[in-house]
Each structure stands twice: as C-alpha cells, then as structure tokens.
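Each chain gets a letter, A, B and so on, in the order the sequences are listed, and its residues count up from 1.
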2 protein chains.
Amino acid sequence: MLELKHLKTIVAITEHGSLVLAAEKLFLTQSALSHQLKEIESRLGVSLFIRKSRPLRLTAAGERLLETARSVLPLMSSAERDMQRFAGGEAGRLHIAIECHSCFDWLMPAINQYRNHWKDVEVDLSTAFNFVPLPALQKGRLDVVITSEPKPLNGIHYEPLFRFEILLAVANSHPLTQLERVPATALRNETLITYPVDQERLDIFTQFLRPADVEPMAIRTAELTLMMVQLVASGRGVCALPNWALAPYMKGGHISALPLGEAGLFSTLYLAVREEQLETPYVREFINIAKETCFQTLEGINVVATLH
Amino acid sequence: MLELKHLKTIVAITEHGSLVLAAEKLFLTQSALSHQLKEIESRLGVSLFIRKSRPLRLTAAGERLLETARSVLPLMSSAERDMQRFAGGEAGRLHIAIECHSCFDWLMPAINQYRNHWKDVEVDLSTAFNFVPLPALQKGRLDVVITSEPKPLNGIHYEPLFRFEILLAVANSHPLTQLERVPATALRNETLITYPVDQERLDIFTQFLRPADVEPMAIRTAELTLMMVQLVASGRGVCALPNWALAPYMKGGHISALPLGEAGLFSTLYLAVREEQLETPYVREFINIAKETCFQTLEGINVVATLH
DNA sequence: TCAGCAATATGAATATAATTCATTCTTTTA
DNA sequence: TAAAAGAATGAATTATATTCATATTGCTGA
C-alpha cells in the first residue's frame, strides 16, 4: 500500500520545496512526482501538501508521514548497508560442528582469535551430536565441519588440516607398557573408554578393531578428555586418543601412550565447507586462521604434526 | 530499491515457513513470491533464505532484514492508521486567526473546551497580524478566521456567530456622558484609543468616522482591552469596543458606554472556513462549539447578543 | 490588476515492473 | 524409492509507474 518510495518522495518535496527540484534529486520527472502524489493522496484519502501555496507546504497528515519517514528511512539505509557487508563477505554466519571430539583444545583458541578480526560474523560452535554434521553442512544448517572422515559429498570441499597418530593411553603400571606396539588382539582383555558417540565415528573401531575382528572386553564412556585420562591413570581402562590430545597429560607421568598395530593408527583432520562458500572472505579467513592456530597450538605442546 | 513489500514478504515466509502458505496470506501466488525473492536477493547480492531446507530458514542476512522489518512495519501501520483518522476527519489541524481583536475573551474558552474532545486536532491560535487572514485562509495557511467583514471570496464560507453593538467607552466624568448618543463630529475633539492594527480593520473608522468624514483629534493604541479601559477611565481618551467586551468593566463604575450615531454602530461576527472543510467532522464540531460557547460567555456577562 | 513566468496538473502513450500460468526441478516423507 | 508437496523457471499477461506534450494554476513585479 504505502511504500518507501512514497516516503522518500515526501521527504524530497519538503526538503526542496517543489516538485521540480524534488524530481531532479530523485531522477524522475516533475510529472512522475505529481502523479505519484495524487495517487497516494487519493488512496489514503488525505491531502499531504497544500497545493495552493508555493513553496509546497505539508498538511497535518503530511507532517505525520514525514515524521514516519524520518524514523523509517534511516533504519532502511542501515539495513541496506548491512546487506552490502553481507554481499561483500564482510559479515556472515559461521555455524561450526566438530566430529572429532577432542578438537576443542585447538579450535577454541582459533575461534577466539577469529572473533577479534571479524566482529560481524556470528560464530557458533555446536557440540550437539544429535544430528549428522555433513548432511547438515550440505543443506546449509552448518557452515563448517571438522571431521576426520572426508566422505565425498556433492558441493562439499575438504580442506586438510594435519595428520596425527592415534595412540593408546594406558596406566604406567599397566602390563601393555611392556610392549613396543599394541596389537588389536591385546584389547580383548581391556576396558575401552570412548567419547559417548556412535562407534561409526571412532577410528579405533572403524580403522583398527573391526578390521581385526576384535571386540574389547568392555566399553565405557566419558565426556571429557580429562576424565578419560583420569580413568586410565587409575587403571580402570585404556583409551585411544590423538597424540596431541594426550600430550599435555603425559607430563604428569601417570600414563603412557603406545602406538596401535604394526603400522600405527593414523588419521587426517579435515575442515569441511560448502564449495560455494570457499571464496567468501570471512570463510576463507576462518580456514586460514584455523590452520595457523592448530599448528601453533600443536607445536606448543611439542607434538609432531605432519601436514597431510 | 528495497521496499516495504519485500519486508512483508520476508515476515510472511518466516512466519509460515513456506512460499505456498506465505503467498496465500499475502493474496499472491507462490510463483510471485519466488520471483520477488529471487529479484531482491540478486539485487542485494545476498541470499535471504536457505532453500535446500524445508521449512525455509533465514540466512544471517535474512535475519538482519527480518529484524528491520519488525521495527519498520509497526511504524508504518501506525502511520497508516493515523492517515485513516485524518481521512475520516477525526484528526487534523485548526489554525485560527482573529481579526476581531477582543474576541479572545470568548474564543479561549471555546478552544479549551474543543481541545478536550478532539485531542488529535492540532489547534493553533495565531494573533500575529503580519498577514491578511482571509487570503491565507483561502490558500490553506489558516483554517478558521474570525472576522466581522465577510468579504465574498471564492471557496470561503462565512458562518454568522452573533450581532453586537459597538459602543464608545468614556470616563464617567467625561462631558459626552451628558449625551444620549454620540455623533461622529463629537470625536473631532477626542483622543481615540484603538488596537494597534490597520484602520481598515476597525469598524469605528470604516463604518462610522469615514462616512461622516471625521478625524479624531488624536489616535493612540493599546494592546489589550484592559489597558484601553484604564486609559479611558483616567480620562486620557475614548475607545470604541463591542458591548460584550466592555461589559465586565462597566461594573467597576469608572466608565460609561454610549451608542454611536443615530442608528447605533452594529456589526456581525463571522467564522470563516474553507467550503471544502465545511463537512469535515472536526471543523464542523469546532463551529458548533464556537457558537455555543460564545453565547454562553456573552450571556454570562449579561449582554444582549442577537443572532444575525 | 494584469502580463509573463515558473510551477503543478493532466491525459495519453510508453516503458517498466509485477504477477500469473503452465511446467519443471527439488526436497521431504511414507 | 516413489509419491507428494514445495520451489524455481520462462513466457505471457497484467498492472503500475514514468514520460511526453500540454493545459492550468499560482506567483511576481510593473
């Protein structure tokens, strides 16, 4: 009904005092404004300007609309400016999910650093594991997924971050410490502690135990790396964790970390984004900061991390 | 560029979750909304909804626009409601001017009473006499003029209020009190006190002195009726005022009021409005209240006022 | 008060934009 | 995985806005 165009017209006319000048400013003809004015005046059933006088003056109704224009138009300009920022990739949304549970350790510093430089990007780290991250990424519910399983999916780009080894953490007093490397079969007599997620998502099962057709004696879960380590230290089980996640706890001297199998169990961590977002500045920049920061963090705790 | 229509579309889609439902609410087809959305998205260079998911969800840019819509649309509705009030004659503007200087006395009570019932009408009583009221009324700079000279003008309607007599106020001790009626020639020896306005606007000149080709000995001016009366009482001149304006001061006993000429000097007061506004409720009502109130006020001071 | 000027109004023609129709493509769900 | 519901698309249509040419009106100064 009443449109912003009309408010702009009203402002232009009152500011310049005539249709001729206002039309010029709006890049229209005087006739266009006259028709437009007549149109809204008849639609609203009120007259907005006193025509019999020059310069044109507002009626009471016109004043009321001018007031509205003066509060509404700035809001719209501001919104349009923000649209330009979104369009230019200066602002946006970054909903991140991690499949790799212990990635917290290096991801949080990365996110904090990123936030400092991209205040207009709304960052959200979802730890909720009640949905499958990669399809959600495909459909736009997520924007970044950290995963170690780069399943080829339409429109998804995987950016390799680093390669790491998964080690078995055992108590110092544990008999397995006698071995150089731990074979799969050795876990038949152990309680395995894992994150409370589906076994499909744990390399220790998919890459190590299942190929050898081994089931651990028992499985129990813990939410945090710290809790796992404490359980291991007190001899209530063993757990498989990335070398860099274990490193800080090695110093305490209560646990040992052993390679798994003859070849060792290696994995690569990937950062997945939608291809269409790959060139968007604020996404591009997050990838860069994530890479930098994870290396810094990992080096800081003296773990050799090899880029894939 | 970005229009209110678009904001309404965005709100409708987010509220109903689909183009089909939103289109229904907006009395459009799904196709129309799809085209519209595509249009603004491409113009802004951002996408506003995540299309791959149903129900449709907003992107960060979309959220920003929704927020704008939620603050802007209510402002617009409110403005449109007010337009309806203006259109229905419930709200408006009443710029009043008085040519008859002493009309203050009964006009102020009228205005006060009117304001109580018509809060949405902006009443303004202009006493500035630096412009000619009737042409200003014609051109819409004024809405009501109180005058005793109903000059026939295009588009102006005169509503008669009441007829009154103009009397000459003199000090009780003044020799003229000996006369029943004052002839024009008697003023040749008097100082005439008037309001500080053009003589053209004073009936004492136009209707009484000039026809008799008489000039008073001297003329001095005073702003207020009270001041005039005080000057008269102290014997420093005489003045011509409406009977009802003089009445309150008669009680003090210091001045007398004498009829002018054989026939007396009578005048009728009119309320002038533009014809086009004659049926507008808030104007109509002002005329009614003005009539009522002036009679009440005049009766209250025991002056015989005759409707024309 | 009137001529002359500058501004606004108007009607018809034109250009632009919005909407629909008919259809295809996509996503969700059973 | 097929069926159903929703969204996208292109062409045709309709509605709307704008211009052009011109008439009308209001203003200014002699």
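- Looking at B:Tyr158, its side chain does come within 3.5 Å of a backbone N or O of B:Lys151 through a donor-acceptor pair.
- Base contact: B:Ser31 has a heavy atom under 4.0 Å from a base atom.
- Checking side-chain atoms of A:Thr14 against main-chain N and O of A:Ile10 turns up a donor-acceptor pair under 3.5 Å.
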Nucleotide-resolved protein contact map, nucleotides 13-18 of chain D, B/S/- at heavy-atom distance under 4.0 Å: ----SS
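- The aromatic rings of A:Phe286 and A:Tyr114 sit perpendicular to each other, their planes meeting at more than 60°, with 30° as the lower class boundary.
- Atom CG in B:Leu56 sits roughly 13 Å away from atom C1' in C:dT28 (whole-Å rounding).
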Footprint string (nucleotides 24-30 of chain D, 5' to 3'): B base within contact, S backbone only, - free, heavy atoms under 4.0 Å: -BBS---
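- A straight line from CG of A:Asn154 to P of C:dT26 spans 11 Å, rounded to a whole angstrom.
- At least one donor-acceptor pair under 3.5 Å links the side chain of B:Glu3 to the backbone N or O of A:Lys5.
- Straight-line distance from the CD atom of B:Glu3 to the P atom of C:dA18: 9 Å, rounded to whole Å.
- A donor atom on one side chain and an acceptor atom on the other are not found under 3.5 Å apart for A:Arg210 and A:Thr206.
- At a threshold of 4.0 angstrom between heavy atoms, the contacts of B:Ser34 include nucleobase atoms, whether or not backbone atoms are also involved.
- Rounded to whole Å, atom C1' of C:dT19 lies 13 Å from atom CG of B:Leu26.
- Residues B:Leu44 and B:Met1 form a side-chain contact, since some pair of their non-hydrogen atoms from C-beta on lies under 4.5 Å apart.
- What you find for B:Leu56 and B:Arg51 is that their closest heavy atoms are CD1-O, 4.4 Å.
- Summarising the geometry, the separation between CD on B:Gln30 and P on C:dT24 is reported as 15 Å, rounded to the nearest angstrom.
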